[in-house]
Structures are given as C-alpha cells and as structure tokens.
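Remarks on the structure that follows.
All residue numbers in this chain count up from 1 along the given sequence. Both counts, for ligands and for their atoms, begin at 1 and track the order of listing.
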Amino acid sequence: MRLYAGAKAVFYALSRSATLKRLASKYGMRTRESFARRFIAGETVEEAIETARYIGTQGLLLTLDYLGESVRTPDEADTATREYVRLLDVIVASGIEANISLKLTQLGAGIDRATCVDNLRRILDPAQGHGFFVRIDMENSPYTEVTLEIFETLWQQQYRNVGVVLQCYLYRSEADAQRLNALGARVRLVKGAYREPKSVAYQQKSEVDAAFVRIMKLLLDSGHYPAIATHDPAMIEATKTYAREHGIATNRFEFQMLYGVRRDLQAALVREGCGMRVYVPFGREWFPYFMRRLGERPANVGFVVKSLFAEG
Ligand code: FDA
C-alpha cells in the first residue's frame, strides 16, 4: 500500500518557501498558457467571470473562490471581507450563477473568533439578499472544530444560505456528518487536501477511500443536498451505485470537481444528467492552493516544467 500522505508532506513543505512563491508568482500566471492557469481562473475577478461564463455554457454549475488564507491581522481579514462583498456585486452584475466558497482563516479565524463571525456575517447578509449560497471550505485540523462551531453559531442565527465541508481522512468526520445531518445542513464531502498526522487522520489511500464511502452513504441517506466532491472514478461509481440501489434521485445531491481537473469526467457526468459543480478559484494568492494540487498528483509537476520550457 502506498503512503498517501508522502507527496502531500513534500509539497506542503515547498508551499512554505518564500523563494519558490516569488518565482512561481513571477511565471505562473504570465500568459494564458502559463502553468498555474491550468488550476486557477486568473488573478482578477473579471478573468474569473469570463471563465465562469464559459463553464456555464458547458452545462456545469460553479462556485467561485477568491483565493486567500491565513491572514495575520484584523486589517487583512477586513480587506478580504470587503473583497468578497465586492465580488458578490460583480457576480450579480454579470448574471452568472450565485455560489461562492471561502476560507475562515481568510476572514480572521486564526486571529480572533468573534472578528471572524462578524466578517462572515458581513458576507452572508448581502449574499442572502441576492440568493447566494456560501460554502465554508475546510482547512487543516487545528481549524476543524472552530470552523464547525462558527458554522453552527450562524445556523442558530437562522442563516440557511451557508454550508460546510467535511474531510473524510479525519477520524472525527463520521461523527461530524451525523452532527451536521441532524441540523439539516448542506455538506460537501472531500478526501482532504492537507498534511495531517496519524493521531487525527488516516494515512493510507485505501482507508481514506473506505471512509469516503461510509460518509457518502450517511450523507445520501440523511443529509440535505450533499455535494460529493472528488475526481476519483471509484468514489463516483460508488455514489451512483448507492443512489441507484436506494432509490435516491440524482437531483438530491451533486458532484463537484476542481477547475482544471478531470474535465473528461465532468463532461461525462453532465451527459448522464448528474448535477456537476466546478470549483473555480481566482486571485493573486494562488500559490498555496496550487501547491496542494501538485501534492495530490505529483505527475502535475511535469506539465509545470513543460510550460516553463514552452515559454522560454
Ligand atoms: P484522489 O486524490 O485519490 O485522486 C483520484 C484521481 O483524481 C487521481 O488518480 C487523478 O486522476 C485525479 N486527480 C486528483 N487530484 C488531481 C489533481 N490535482 N490534478 C490532476 N488530477 C487529479 N480539500 C480540503 O481539505 N478542504 C476543502 O474545503 C476542499 N474543497 C474541495 C472542493 C472541491 C469541489 C473538490 C473537488 C475538492 C476539494 N478539496 C478540499 C480537495 C480534496 O480534499 C482532495 O484533495 C482532492 O479532491 C483530490 O482528491 P480526490 O477525491 O480527487 O481523490
């Protein structure tokens, strides 16, 4: 059995290198062919909207993510919050589908919980007015509980245009799925993108996959419009089979994939009549997100090198 966490650990370490970040930022988005463009829609909201429009023409749903995480000061959290509020206005004006994803450390979860809750409310209020759904991404395990607690606080305050993410590699996630199902909350299920120790997370792919299937069944049985977010054909097949065998209609859940990953599978699911949402990230702070994508599939390094040589 291969060690699932090995590549993630290497790319996680590299993602903290300031030199590599400087170099990547210089070359990664320079032209439409530059390597980071494969996974990131652009650095500006206008570029993201252009990509979103194209995605819409393919019969795909979408969620826009303004990249950023781990801000260090309340001012930075305030700036990110303002950017999201501005993003809502731009999306409304553009007429594309209203659905966004965000990270709580971008809004100050790592600084002070109350500031983060206030910032999130500043986004959810106008989002609600415009009929937006807001997905709170899940970050590394020091933030799991605080993310769920903040989500639950807002749920108790009657916000219903918001959902959260569970990572099946964490041992705790089956219990969390039951906790969220009991609320009637919308959950996105993923395998998990961070390097986590074995004290909290499965390390082997086979264990992670088995947990994914267990939680997928919990969500399909008693969840509320869950999102099954994976590029793994075995997980997708397991989901379709379980739904078919238990009479769960395809409009009671959706699949989700990342921009630039397995476009063939995305199109195939649309053809089969499944809901298929693409997660479209954009913004200047793309480096950590990009490194997580390389960590999931080290073969992606090949296309980075190829694109650098192609640009000369
Ligand atoms: P797995 O990693 O086992 O890959 C299965 C197959 O998919 C591979 O063999 C390959 O063919 C293809 N593939 C996977 N990743 C690829 C890549 N980067 N490039 C090319 N091919 C690739 N994580 C998290 O911790 N918090 C979050 O909030 C989110 N949010 C999120 C939203 C959405 C819509 C998706 C699809 C994923 C996330 N993730 C996430 C990331 C998730 O945790 C996970 O790291 C990736 O989805 C990769 O896992 P797979 O389920 O695809 O399986």
Side-chain angles (χ1 to χ4, degrees), residues 1-8 11-12 15 35-36 38-40 55 60-65 67 69 99-106 109 133-144 147-148 151 163-170 173 176 186-196 200-213 215-216 226-239 253-266 268-269 275-281 288-304:
M1 261 192 283
R2 79 183 163 96
L3 256 188
Y4 196 53
K8 278 184 184 169
F11 284 92
Y12 177 78
S15 77
F35 56 83
R38 154 120 188 241
F39 297 118
I40 291 121
I55 285 172
L60 296 156
L61 307 166
L62 64 102
T63 180
L64 276 182
D65 171 39
L67 288 166
E69 49 200 88
N99 197 313
I100 57 173
S101 295
L102 49 76
K103 290 184 173 48
L104 291 189
T105 61
Q106 201 175 3
F133 180 75
V134 178
R135 178 78 63 179
I136 303 173
D137 286 346
M138 189 56 84
E139 300 176 71
N140 47 346
S141 58
Y143 293 104
T144 310
T147 301
L148 293 178
F151 172 76
V164 75
V165 177
L166 290 181
Q167 299 151 322
C168 73
Y169 64 12
L170 295 183
S173 288
D176 287 336
R186 274 171 68 171
V187 173
R188 173 201 293 153
L189 176 63
V190 301
K191 288 193 185 178
Y194 298 83
R195 185 185 65 145
E196 296 290 357
V200 298
Y202 298 112
Q203 306 291 309
Q204 307 281 346
K205 178 171 163 57
S206 57
E207 296 172 316
V208 175
D209 288 356
F212 193 99
V213 172
I215 301 176
M216 172 274 286
I228 308 300
T230 178
H231 317 94
D232 188 337
M235 300 299 105
I236 292 168
E237 214 36 61
T239 306
F253 64 96
E254 67 182 27
F255 288 106
Q256 296 190 351
M257 293 190 206
L258 300 175
Y259 176 68
V261 181
R262 293 305 308 259
R263 280 167 283 206
D264 55 335
L265 257 186
Q266 296 178 14
L269 286 169
M276 172 63 237
R277 189 177 301 278
V278 184
Y279 181 104
V280 182
Y289 175 90
F290 178 73
M291 292 304 278
R292 286 198 289 277
R293 302 295 76 83
L294 295 190
E296 283 154 5
R297 190 164 180 269
N300 284 338
V301 173
F303 91 82
V304 172

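Considering only non-hydrogen atoms, atom 47 (O) of ligand 1 lies nearest to H231 out of H231, R38, R297, R293.
Shown in contact with D137 at under 4.0 Å from a heavy atom are these atoms of ligand 1, numbered in order with element: 28 (O). Of all atoms in ligand 1, listed by their number and element, those nearer than 4.0 Å to a heavy atom of R188 are 28 (O), 30 (N), 31 (C), 32 (C). When each atom of ligand 1 is checked for a heavy atom of Y279 under 4.0 Å away, the hits are 32 (C), 34 (C). Residue Q256 has at least one heavy-atom neighbour below 4.0 Å for each of these atoms of ligand 1: 34 (C), 36 (C). Atoms of ligand 1 lying under 4.0 Å from any heavy atom of G192, numbered from 1 in the order shown and given with element: 25 (O), 42 (C), 43 (O), 45 (O). Those atoms of ligand 1 with a heavy atom of Q167 less than 4.0 angstrom away are 24 (C), 25 (O), 26 (N). For ligand 1, the atoms closer than 4.0 angstrom to any heavy atom of Y194 are 25 (O).
When all heavy atoms are compared, the tightest approach of L258 to E296 is CD1-OE1, 4.4 Å. The shortest non-hydrogen separation linking M138 to V165 is CE-O, 3.2 Å.
Residue-level proximity to ligand 1 for M235 is absent, since no heavy atom of it falls below 4.0 angstrom. Contacts of V165 with ligand 1, taken as heavy-atom pairs under 4.0 Å, involve the side chain alone. At a 4.0 Å heavy-atom cut-off, ligand 1 does not touch F212 at all. By the criterion of a heavy-atom distance under 4.0 Å, neither the backbone nor the side chain of R292 is placed next to ligand 1.
By the 3.5 Å distance cut-off applied to N or O atoms, L258 is not counted among the residues near ligand 1. The distance criterion of under 3.5 Å between nitrogen or oxygen atoms is not met by D209 with respect to ligand 1. Taking only nitrogen or oxygen atoms, main chain and side chain alike, A193 reaches within less than 3.5 Å of ligand 1. Where the criterion is an N or O separation shorter than 3.5 Å, residue side chain and backbone included, T230 meets it with respect to ligand 1.
Within the 4.5 Å cutoff, the side chain of L189 has no heavy atoms near those of the F253 side chain. The side-chain heavy atoms of T144 and L170, taken from C-beta on, include a pair separated by under 4.5 Å.
The closest donor-acceptor contact from the side chain of Y259 to the backbone of L62 lies at 3.5 Å or more, if one exists at all. Side-chain atoms of Q203 come within 3.5 Å of backbone N or O of E196 as a donor-acceptor pair. For Q266 (side chain) and L60 (main-chain N/O), no donor-acceptor pair under 3.5 Å exists by modelled atom type. The backbone N or O of V164 sits less than 3.5 Å from a side-chain atom of R135, completing a donor-acceptor pair. The main-chain N or O of G260 is found under 3.5 Å from a side-chain atom of R38 such that the two form a donor-acceptor pair.
Put simply, part of K205 is less than 4.0 Å from ligand 1, judged by heavy atoms.
Between the side chains of S101 and D65, no donor N or O sits under 3.5 Å from an acceptor N or O.
Less than 6.0 angstrom separates the ring centroid of F290 from the ring centroid of F35.
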